[in-house]
Visitor: 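The following block contains the structure, expressed as structure tokens.
Residue numbering restarts at 1 for every chain, and letters A, B, ... go by the order of the sequence lines.
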Amino acid sequence: MMLKPLLAALLLAAPALADELRGTGDLGLIVEREAGSLLVVDRSARAALGRIEGLGDLSHASLVYSPDERFAYVFGRDGGLSKVDILTRQIVNRVVQGGNSIGGAISDDGALIAVANYEPGGVKVFDAGTLDLVADVPMESKTVGIADVPGSRFIVATWDTGEAWILDHSANPADPVITKLEGIGANPYDALLTADGRRYIIGLFGEKGLTQVDLWQDPPQVTRFLPDYGKDQPDMPVYKMPHLQGWTLADGVFALPAVGLHQLLWVDADELTEIGRTDLVGQPVFALARPDRREVWVNFAPPNNDTIQVVDVLTHEVTETLTPGPGVLHMEFAPRGREVWLSVRDENRVEIRDARTREVLGEIQANAPSGIFFTDRAHRTGL
Amino acid sequence: MGALILGLALDAAVPAPRAAELEHMVRQDCGSCHGLRMTGGLGSPITPQALAGRSADDLVPVILDGLPGTAMPGWRPLLTEDEAHWIADYLLEAE
């Protein structure tokens with residue numbers, strides 16, 4: 001008599017358990033910045049699985065993944081640092097660690113989460129398990145372009161003071177050894193670390209040119225390059241700062257978004273000299289290499305933010321101009337480059353295209369989507 | 001009374017559909033640097049509290065021509081004077 005309800009309960013529970021026993025390698029998160037929520041998506045099914053809500057102000061939000069690809073650490077504009085479980089779709093922990101943050105990074109051993117803050121300026125470092133504060137490093141400046149350097153290190157650039165700081169937590173996580181590189185250029189607006197962890201490339205807003213920090217040298221070697229690109233051309237207004245994550249290093253060549261010019265700059269990675277330029281439709285924001293590095297996909301600042309241009313790495317020519325719709329804020333490639341997901345903010349959807357034929361394969365409804373983050377980022381340095 | 005008349009005049013200068021576009025632009029595009037909630041980021045906070053003591057006439061040139069030496073661009077290529085005025089009023093009065 002008691003068995004019947006028990007059996008019914010078991011039958012109901014069984015499919016749920018089967019559903020829950022799954023890998024996370026084809027999952028991802030999409031930031032719904034106005035709503036302060038994350039959409040959990042399944043790449044293989046090209047579908048949303050559910051939503052995680054209550055994450056605060058997600059303007060300019062970004063996130064990193066734990067090494068097991070189960071948890072994500074979300075950096076919100078309101079200074080919130082949230083740890084979410086993408087399988088149970090719940091917030092595991094949340095701390096408001098600063099007044100205004102811009103991004104973060106996870107150490108190569110997965111133990112430390114570093115958050116770069118605008119207000120108060122500097123970096124705070126947290127225990128990835130508990131979100132307890134481990135180290136607080138004030139820098140008296142807004143900080144940009146934080147990245148994880150191999151060996152429990154982080155690197156960050158300072159907008160107001162033009163420095164790069166390397167924090168080495170390997171000996172004592174609570175008391176990092178700090179290497180400060182001064183005079184790296186005026187107003188760094190973002191930076192990236194190449195996938196091998198060697199080159200930290202800093203974009204400058206306050207002056208022409210870029211700066212490379214070679215982290216394989218001891219002490220790290222600072223090189224300025226392209227010191228006067230575009231100096232003979234009038235600057236155009238920059239309605240959105242370029243982002244530097246995803247800059248190509250293809251075939252020994254960087255493809256860099258220019259600032260104040262509607263161009264992509266091609267740079268010899270060894271010589272740090274300009275080898276070409278590609279004219280584009282607007283101010284580039286992201287210039288992302290398709291994972292096979294054969295093409296660079298570019299999106300744009302307003303008023304051209306409805307457009308994507310695809311540039312051939314061999315010829316440096318624009319081979320395709322796509323217009324997915326108003327407010328194409330971000331692109332994320334499947335890890336092996338078969339498809340690309342595009343957030344189309346003003347149409348409340350994410351468009352999925354074949355990255356080779358450009359054919360639209362599907363779409364997912366999302367509330368004013370911005371950043372798209374697939375879990376394979378867990379295993380990539382500098383993301 | 002004066003403010004009310006001014007407000008009506010501005011409403012007339014910027015038709016409602018365009019006003020909706022401008023509101024969207026403020027949140028999304030100004031928000032790229034100033035935050036969706038205008039609480040600041042790379043750019044300064046531009047909430048009504050942060051702008052206390054500033055006037056629309058004071059803000060319009062900043063919106064149209066930017067602030068040289070900073071990351072604030074001039075939006076003149078995308079906005080008329082009336083539209084910049086609408087945005088200045090919107091920022092000063094929002095919520």
Side-chain angles (χ1 to χ4, degrees), chain A residues 31-36 56-61 76-79 99-103 116-119 121 141-145 159-160 186-190 203-207 235-243 259-260 282-283 285 300-305 326-327 329 345-346 368 370, chain B residues 14 16-51 59-84 86-88 90-91 94-95:
Chain A
V31 174
E32 299 181 310
R33 59 184 198 171
E34 292 253 23
D57 182 353
L58 293 185
S59 317
H60 204 285
R77 173 51 58 85
D78 56 6
N100 193 324
S101 64
I102 180 65
N117 285 313
Y118 279 162
E119 188 58 51
S141 167
K142 292 176 180 175
T143 48
V144 301
W159 164 266
D160 301 291
N187 296 134
Y189 64 87
D190 198 8
L204 302 175
F205 182 81
E207 59 185 286
D235 268 4
M236 291 185 241
V238 179
Y239 293 124
K240 184 172 179 177
M241 286 286 179
H243 280 247
V259 180
Q283 167 68 53
V285 175
F300 299 96
N304 306 100
N305 63 356
L329 292 196
R345 181 195 63 206
D346 295 346
S370 54
Chain B
V14 178
R18 180 59 179 158
E21 287 174 10
L22 293 177
E23 184 172 4
H24 185 264
M25 179 176 168
V26 168
R27 291 183 62 81
Q28 302 298 342
D29 298 331
C30 304
S32 292
C33 284
H34 296 284
L36 275 177
R37 301 177 191 178
M38 306 300 132
T39 53
L42 195 60
S44 315
I46 49 170
T47 56
Q49 295 78 3
L51 295 174
L59 298 178
V60 166
V62 179
I63 295 168
L64 288 175
D65 299 316
L67 286 173
T70 77
M72 175 65 184
W75 295 77
R76 195 179 285 281
L78 305 180
L79 295 174
T80 67
E81 298 256 349
D82 285 342
E83 289 168 348
W86 187 95
I87 290 174
Y90 175 82
L91 290 174
E95 280 147 69

Visitor: Where does Y118(A) contact chain B at under 4.5 Å (heavy atoms): side chain, backbone, both or neither?
Guide: side chain
Visitor: Write down the atom of P73(B), the atom of P237(A), and the distance for their closest heavy-atom approach.
Guide: CB-CB, 3.9 Å
Visitor: Select one option (side chain, backbone, both, neither) describing which atoms of M236(A) are under 4.5 Å from chain B's heavy atoms.
Guide: neither
Visitor: If I measure from the heavy atoms of chain B, does N100(A) come under 4.5 Å with its side chain, its backbone, both, or neither?
Guide: side chain
Visitor: Output yes when a side-chain donor or acceptor of Y239(A) lies under 3.5 Å from a complementary backbone atom of C30(B), and no otherwise.
Guide: no
Visitor: Checking N305(A) against chain B: side chain, backbone, both or neither under 4.5 Å from a heavy atom?
Guide: side chain
Visitor: List the atom of F205(A), the atom of A71(B), and the distance in Å for their closest heavy-atom pair.
Guide: CE2-CA, 3.3 Å
Visitor: Hey, what do you get for NZ (K142(A)) to CG (L42(B)), rounding to the nearest 0.5 Å?
Guide: 6.0 Å
Visitor: At a heavy-atom distance under 4.5 Å, which candidate from L58(A), D57(A), V144(A) has the highest pair count against chain B?
Guide: D57(A)
Visitor: What is the distance from atom CG of D346(A) to atom CD of Q28(B), rounded to the nearest 0.5 Å?
Guide: 6.5 Å
Visitor: To the nearest 0.5 angstrom, please state how far the CD atom of E34(A) sits from the CZ atom of R27(B).
Guide: 4.0 Å
Visitor: Looking only at heavy atoms, what is the nearest atom pair of L78(B) and P303(A), with distance?
Guide: CD2-CG, 3.7 Å
Visitor: When rounded to the nearest 0.5 angstrom, what distance separates CZ in R33(A) from CG in L36(B)?
Guide: 4.5 Å
Visitor: Got a second to check how far M38(B)'s CE is from S59(A)'s OG, nearest 0.5 Å?
Guide: 8.0 Å
Visitor: Under a 4.5 Å cutoff for heavy-atom pairs, which residue among S32(B), G35(B), G41(B) has the most contacts with chain A?
Guide: G41(B)
